[in-house]
K.L.:
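Can you read through this structure? Questions will come right after.
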There are 4 protein chains.
Amino acid sequence: MSGHEPRKSFGSDNHAGTHPAVMRAIVEANAGDAIPYGGDPWTEHATGEIRRLSGAQGEVYLVLNGSGANVLGLGLLLGRHEAVICAESAHINTDECGASERILGAKLLTVSAPDAKLTPELIATRLAGRGDEHFAQPGVVAITQSTEYGSCYSLAELRAIKEFCDANSLRVFLDGARLANAAAYLGCTLAELAANADVLSFGGTKNGAMGVEAVIVMRPGDAVNAPYLRKQHMQLASKMRFLGAQFGALLTDDLWLRNAGNANAMATRLAVGLGGIPGVEVVYPVQADAVFARLDPAHITELQRDWTFHIWDEAASVVRWMAAFDTDPSDVDAFLNDIAATAGAARA
Amino acid sequence: MSGHEPRKSFGSDNHAGTHPAVMRAIVEANAGDAIPYGGDPWTEHATGEIRRLSGAQGEVYLVLNGSGANVLGLGLLLGRHEAVICAESAHINTDECGASERILGAKLLTVSAPDAKLTPELIATRLAGRGDEHFAQPGVVAITQSTEYGSCYSLAELRAIKEFCDANSLRVFLDGARLANAAAYLGCTLAELAANADVLSFGGTKNGAMGVEAVIVMRPGDAVNAPYLRKQHMQLASKMRFLGAQFGALLTDDLWLRNAGNANAMATRLAVGLGGIPGVEVVYPVQADAVFARLDPAHITELQRDWTFHIWDEAASVVRWMAAFDTDPSDVDAFLNDIAATAGAARA
Amino acid sequence: MSGHEPRKSFGSDNHAGTHPAVMRAIVEANAGDAIPYGGDPWTEHATGEIRRLSGAQGEVYLVLNGSGANVLGLGLLLGRHEAVICAESAHINTDECGASERILGAKLLTVSAPDAKLTPELIATRLAGRGDEHFAQPGVVAITQSTEYGSCYSLAELRAIKEFCDANSLRVFLDGARLANAAAYLGCTLAELAANADVLSFGGTKNGAMGVEAVIVMRPGDAVNAPYLRKQHMQLASKMRFLGAQFGALLTDDLWLRNAGNANAMATRLAVGLGGIPGVEVVYPVQADAVFARLDPAHITELQRDWTFHIWDEAASVVRWMAAFDTDPSDVDAFLNDIAATAGAARA
Amino acid sequence: MSGHEPRKSFGSDNHAGTHPAVMRAIVEANAGDAIPYGGDPWTEHATGEIRRLSGAQGEVYLVLNGSGANVLGLGLLLGRHEAVICAESAHINTDECGASERILGAKLLTVSAPDAKLTPELIATRLAGRGDEHFAQPGVVAITQSTEYGSCYSLAELRAIKEFCDANSLRVFLDGARLANAAAYLGCTLAELAANADVLSFGGTKNGAMGVEAVIVMRPGDAVNAPYLRKQHMQLASKMRFLGAQFGALLTDDLWLRNAGNANAMATRLAVGLGGIPGVEVVYPVQADAVFARLDPAHITELQRDWTFHIWDEAASVVRWMAAFDTDPSDVDAFLNDIAATAGAARA
């Protein structure tokens with residue numbers, strides 16, 4: 001059976017498969033028996049490495065997917081009476097079928113944010129009603145790094161948010177489904193990013209893993225009920241070694257950074273190439289692995305005959321083109337050729 | 001790195017790794033890009049096969065683990081005001097950290113049940129208060145096949161429960177984390193088992209998969225909100241092809257039945273061997289892949305120095321010894337030798 | 001002990017006490033024993049009257065307060081995977097401490113709405129993602145009549161929403177905490193209002209009751225689990241007769257309409273009087289019992305020394321002045337005098 | 001309209017109406033305007049008195065009914081991952097339609113308890129699995145005083161439970177819907193009872209109030225999110241003064257104790273009288289206001305023609321006869337006469 005698409009998908013970084021080194025690690029972990037639920041050496045190794053790299057004083061928990069990581073992370077920081085401040089564009093608001101509301105009972109206080117990035121000023125707009133029992137109390141600020149629009153918070157921007165939150169009794173949760181892409185773009189360490197959050201997720205799946213995310217708890221006090229919540233949230237894998245092995249491979253020789261770096265570079269290559277094609281407008285800064293572009297609806301239709309990608313905003317005629325760890329320069333160039341031909345033909 | 005235990009674990013069927021054929025299928029599925037979230041051919045093939053084998057008129061949903069399958073399955077059948085009747089020993093009651101209560105808000109109405117098996121008579125004991133707003137209304141009966149005590153419902157027993165439930169406006173959820181073991185023991189088809197449930201899970205993980213379970217919805221009407229609940233429950237895998245591939249391998253040439261058959265046979269071999277060892281008493285019928293035995297606490301301690309297994313009930317001095325798809329007769333015999341030596345030495 | 005404020009409060013219609021006729025009915029209901037939980041004749045009479053007046057084919061449930069009515073009403077209409085479309089200004093979004101999210105697990109899809117009123121066009125902006133498992137599925141549209149800004153939907157506006165919802169597989173929940181004020185303003189029947197909802201609340205508390213609201217279910221099919229949800233939501237009163245008696249009094253000789261009519265008239269009298277005071281701007285149409293006005297912050301401060309009212313929007317210097325069933329023309333005139341004096345003095 | 005039953009009900013203490021002094025206080029509180037949501041002097045007085053009488057260092061919250069008090073009280077003490085240990089007979093387990101599971105997501109770990117009373121030994125039976133992520137973690141022990149079977153914990157029994165819980169990192173929630181009856185029976189103060197709980201409810205409704213309960217938080221730290229949870233749980237009354245006034249009356253001149261004392265005395269009078277009637281067996285100690293008796297099913301049927309009461313256990317032919325604050329000795333004697341006549345006639 002072959003299910004792969006005829007041409008490299010620009011649909012999402014999760015259209016890609018598993019990086020060969022990750023797959024090798026999975027195969028190698030399949031040796032005899034292992035204590036389940038995380039009592040195995042692969043999990044111990046992976047979580048130890050993540051703790052070391054992130055500077056976490058708390059604990060690290062492997063979970064099964066991104067929504068699982070986000071809901072667990074938020075749950076560790078939220079009181080039952082508290083709400084989450086996030087951008088309207090936040091994945092937790094737009095792409096998780098209301099899991100935070102449904103599983104945590106949490107209210108999301110959304111903010112319209114340019115480039116999908118919160119700022120202290122934007123956060124401050126949702127702080128009304130503190131101390132008033134009629135209002136869900138803002139307790140956690142959730143940010144996504146890199147963002148849903150392919151941008152990255154600078155370390156200074158992250159620090160400003162963290163300092164504002166610390167000064168205002170708010171905790172910071174960072175959705176790091178594409179944290180590697182941010183680290184690669186910023187040229188910074190995982191610890192520098194993690195220092196600006198109380199709890200964060202660290203994504204493997206979109207970066208060459210088969211399916212694993214880590215929830216990093218920076219302070220021990222926030223991890224007290226984490227093992228139980230992970231289980232209640234149905235995020236505890238029994239054959240956990242296969243999750244640990246994936247992160248083990250990603251963390252070896254900086255594969256996580258190299259994978260993210262390639263995806264970023266391919267998005268940038270695409271954006272640069274688009275610069276020479278009339279009728280195609282890149283609408284957000286291209287910093288991570290995604291390019292958002294506006295082009296003629298008819299051209300979108302024509303391109304989708306051969307290429308896989310998402311229409312992001314049909315009304316605005318904006319598409320999302322996304323690179324992955326295994327996108328090749330030749331994939332980008334072939335795509336650019338077709339985009340140029342489509343736009344040029346229509347123009348001619 | 002090597003994490004495998006020195007001797008074959010009798011701890012649980014999830015101490016075992018991934019069956020080589022399943023691993024091969026995973027590796028082969030890693031070819032190029034694929035549509036995520038289940039839009040890939042491996043998932044289509046696997047769910048189609050499960051639908052065919054189970055006779056489901058509804059749909060089949062792959063999820064990430066057993067608790068995820070149970071909570072989703074119950075959620076499809078339960079009204080917000082309804083309760084679940086189950087055995088006290090049910091996995092959903094004892095081993096999922098209260099996920100059904102926490103995620104579904106469901107009350108569990110437990111019944112003390114011999115061999116962990118419900119009967120119409122036992123179910124009837126929890127039907128008081130129907131129509132009275134002060135009582136959570138019994139809506140679903142949850143049974144486990146094979147059971148948490150290693151026994152199996154006969155088809156006649158299942159049918160009696162289903163008929164009772166149909167006659168009493170109750171739906172049947174079947175926790176089939178070890179359904180393959182029951183099919184192998186009973187020598188019946190998946191469809192014969194599924195016909196006695198409204199929704200059931202069908203476990204892969206404990207039967208040689210790396211980590212995948214299926215939720216089978218027998219009637220289309222019960223599946224209406226299933227995709228959304230799966231996502232809300234954080235059970236939707238993005239690189240779903242790797243889940244589909246696992247079931248694809250298990251369903252090829254009846255690997256699922258052969259794996260379960262071996263595990264069952266090894267448990268039976270162990271039980272038969274124990275019959276010749278004084279001081280060791282098998283306390284439940286051995287029908288699936290588990291043996292529950294009572295022996296001297298001091299012998300348990302000594303055996304645990306070399307062998308991995310769970311003490312099931314410390315007060316009663318009962319242990320659980322569990323075989324797996326890859327347990328070898330020589331593993332059983334070596335274990336029996338040590339048990340005999342321990343018991344005999346103590347006796348001498 | 002005397003807790004009443006020195007001058008008539010313009011803070012809210014719930015600063016007022018209980019209408020004397022309602023209080024008399026409560027006292028009269030205190031005769032001997034009565035079957036609890038609604039099995040009493042006062043409750044039977046009140047719910048029967050409300051059913052008759054509203055034209056409901058379903059049932060009527062008395063509950064303890066407005067949040068209780070809203071959450072129960074929404075819960076009857078919402079699937080577990082569904083979301084509620086409402087105005088940002090909706091009471092369920094801004095004033096109930098996130099109860100809908102917490103108790104129902106429901107996501108609120110908010111819309112910025114002028115005059116706090118939804119329209120088919122505004123509702124349509126939140127219908128993206130239907131059929132896509134990543135999105136909480138819009139299932140219910142929640143409107144408030146009269147609105148949180150003191151405006152009323154016309155019957156034509158309500159009908160347009162209901163028709164749009166019917167055509168788009170959406171149910172309509174109407175928050176009628178101040179439904180009486182809308183009926184009084186529109187000069188219409190309860191049935192004409194109720195016909196445009198699937199489930200609605202009908203408020204007593206803000207209209208002269210001591211504390212009671214009704215949840216009206218228009219179709220029998222939507223009421224199946226209502227008694228159980230009311231109990232689970234902790235909204236079932238044991239000495240229910242005292243709730244029934246309150247509505248019995250309100251529904252006698254149209255007291256509910258007369259109370260609302262007075263409150264509306266007093267708000268209008270206030271608004272008309274403000275028209276002659278320079279420096280005070282009424283910012284929303286005055287249709288029900290509230291007047292929203294913008295005036296100098298210093299004047300607000302001065303007026304609050306003697307009068308009780310809420311600052312609605314500190315940044316915009318907008319206050320809310322609210323009349324009640326027992327506001328007297330002389331109260332309004334005294335208040336107007338002070339407003340004029342304050343504004344004039346500052347001006348002089 | 002007259003809904004009162006022809007003869008005094010022995011159905012429940014909530015068949016009775018409102019004590020005249022409570023009703024007077026309600027009427028008197030209806031004077032002019034008052035700040036809503038508890039900012040009124042009646043609420044301030046009542047909660048201050050309850051705090052003083054109970055010795056609470058935390059806060060006191062008035063709520064609308066018993067289920068509301070229980071769920072709020074448990075919610076203040078429970079972590080999201082924690083379970084409640086309670087007797088099978090506990091009201092929270094049997095009579096609240098699963099509200100604790102539904103609203104809090106909490107698992108109830110039930111214990112079969114004679115006289116409906118827990119002991120350290122019984123609690124200890126449900127402490128398995130602490131520290132194991134597969135088990136909902138016991139966090140709170142819930143006891144009812146007086147119990148659902150009409151018995152009372154002695155102060156020594158309460159102290160033993162509290163000491164056991166303190167030593168085992170468990171918190172104690174006391175369901176005091178009938179706490180007054182226990183105080184009256186034991187001849188102790190509210191503070192002596194409250195000292196053995198971390199959070200407790202203190203019931204008014206079953207003791208002559210119209211509808212009000214208090215949640216008493218003994219330590220300030222446990223009350224941090226109480227106002228928000230009360231609102232989320234839909235238990236915040238807007239015209240709170242009418243709740244405060246009820247407790248104000250009950251706490252004046254020990255009316256709460258006198259009401260409870262009368263109910264207890266009438267139950268005892270009934271039990272003593274039954275002692276002389278052959279064929280009627282009192283099955284639980286009569287300490288509070290309920291008598292549980294076993295008698296011939298045919299006699300039950302005949303008595304129910306004229307008298308109102310509940311069949312507690314149809315299979316065991318056990319009824320519950322309950323006195324109230326307004327039960328008169330002549331009511332008891334008339335009832336005894338009929339019971340004797342029924343039993344005697346059948347015997348003759």
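The sequence lines fix the lettering, A, B, ..., with proteins before strands; numbering per chain opens at 1.
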K.L.:
Would you say the side-chain atoms of B:Lys239 pair up with the backbone N or O of A:Gly17, donor to acceptor, closer than 3.5 Å?
P.N.:
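Confirmed, B:Lys239 side chain pairs with A:Gly17 backbone.
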
K.L.:
Side chains of B:Ile35 and A:Thr308: closer than 4.5 Å at any heavy-atom pair?
P.N.:
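A side-chain contact exists here, since the closest heavy-atom pair is under 4.5 Å.
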
K.L.:
Answer with side chain, backbone, both or neither: which region of B:Tyr228 has an atom nearer than 4.5 Å to a non-hydrogen atom of chain A?
P.N.:
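Both parts, heavy atoms under 4.5 Å.
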
K.L.:
At a heavy-atom separation under 4.5 Å, does A:Ala209 approach chain B through its side chain, its backbone, both, or neither?
P.N.:
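Only the backbone of A:Ala209 comes within 4.5 Å of chain B.
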
K.L.:
Between A:Met23 and chain B, which part of the residue has a heavy atom less than 4.5 Å away: side chain, backbone, both or neither?
P.N.:
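When you check distances to chain B, only side chain atoms of A:Met23 fall under 4.5 Å.
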
K.L.:
Is there a side-chain contact between B:His233 and A:His233, using heavy atoms and a 4.5 Å cut-off?
P.N.:
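B:His233 vs A:His233: side chains apart.
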
K.L.:
So which heavy atom on A:Ser238 is nearest to which on B:Asn14, and how close?
P.N.:
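Scanning both residues, the minimum pair turns out to be CB-ND2, 3.7 Å.
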
K.L.:
Please list all pairs meeting side chain to side chain donor-acceptor pair (under 3.5 Å) that have one or both residues in residues 201-215 of chain A, counting only residues at least two apart or in different chains.
P.N.:
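Passing the test, one end in residues 201-215 of chain A: A:Thr205-A:Glu213.
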
K.L.:
What is the distance from atom CG of A:Asp33 to atom CZ of B:Phe10, rounded to the nearest 0.5 Å?
P.N.:
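Reported to 0.5 Å precision, the distance equals 9.5 Å.
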
K.L.:
Please list, in residue-number order, every residue in residues 321-335 of chain B that has a heavy atom less than 4.5 Å from any heavy atom of chain A; write 'none' if there are none.
P.N.:
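Under the 4.5 Å heavy-atom cut-off, B:Asp326 qualify.
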
K.L.:
If we define contacts as heavy-atom pairs under 4.5 Å, which of A:Asn70, A:Val27, A:Leu104, A:Leu229 has the most with chain B?
P.N.:
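Most pairs with chain B among the choices: A:Val27.
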
K.L.:
What verdict does the side chain to side chain contact (heavy atoms under 4.5 Å, CB included) test give for B:Gln232 and A:Arg102, after you've listed the backbone C-alpha separation in whole Å, the side-chain angles of each residue and the deciding distance to 0.1 Å?
P.N.:
CA-CA 7 Å; B:Gln232 283 186 332; A:Arg102 180 82 162 65; 3.0 Å; yes

K.L.:
Quick one: which residues of residues 59-68 of chain A reach chain B at under 4.5 angstrom, heavy atoms only?
P.N.:
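From residues 59-68 of chain A, the residues near chain B are A:Leu64, A:Asn65, A:Ser67, A:Gly68.
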
K.L.:
How about A:Ile103 and B:Ile103: do any of their side-chain heavy atoms sit closer than 4.5 Å?
P.N.:
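They are in contact (side-chain heavy atoms under 4.5 Å apart), so the answer is yes.
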
K.L.:
Might you point out which heavy atoms bring B:His15 and A:Arg241 nearest each other, and give the distance in Å?
P.N.:
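In terms of heavy atoms, the two residues are closest at O-NH2, 3.1 Å.
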
K.L.:
According to side-chain contact (heavy atoms from CB on, under 4.5 Å), who are the partners of B:Glu49, at least two apart in sequence or on a separate chain?
P.N.:
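With neighbours one apart ignored, the set is B:His45, B:Arg52, B:Leu251.
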
K.L.:
Answer with side chain, backbone, both or neither: which region of B:Glu44 has an atom nearer than 4.5 Å to a non-hydrogen atom of chain A?
P.N.:
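Neither part, no heavy atoms under 4.5 Å.
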
K.L.:
If you count heavy-atom pairs under 4.5 Å between each of A:Ala99, A:Cys97, A:Pro20 and chain B, which one has the most?
P.N.:
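Looking at each of A:Ala99, A:Cys97, A:Pro20 in turn, A:Cys97 comes out on top.
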
K.L.:
Can you tell me which of B:Met234, B:Gln235, B:Lys231 forms the most heavy-atom pairs within a distance under 4.5 Å of chain A?
P.N.:
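Heavy-atom pair counts peak at B:Met234.
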
K.L.:
With chain A, which of B:Asp40, B:Leu236, B:Leu243 has the greatest number of heavy-atom pairs at distances under 4.5 Å?
P.N.:
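Option with the greatest count: B:Leu236.
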
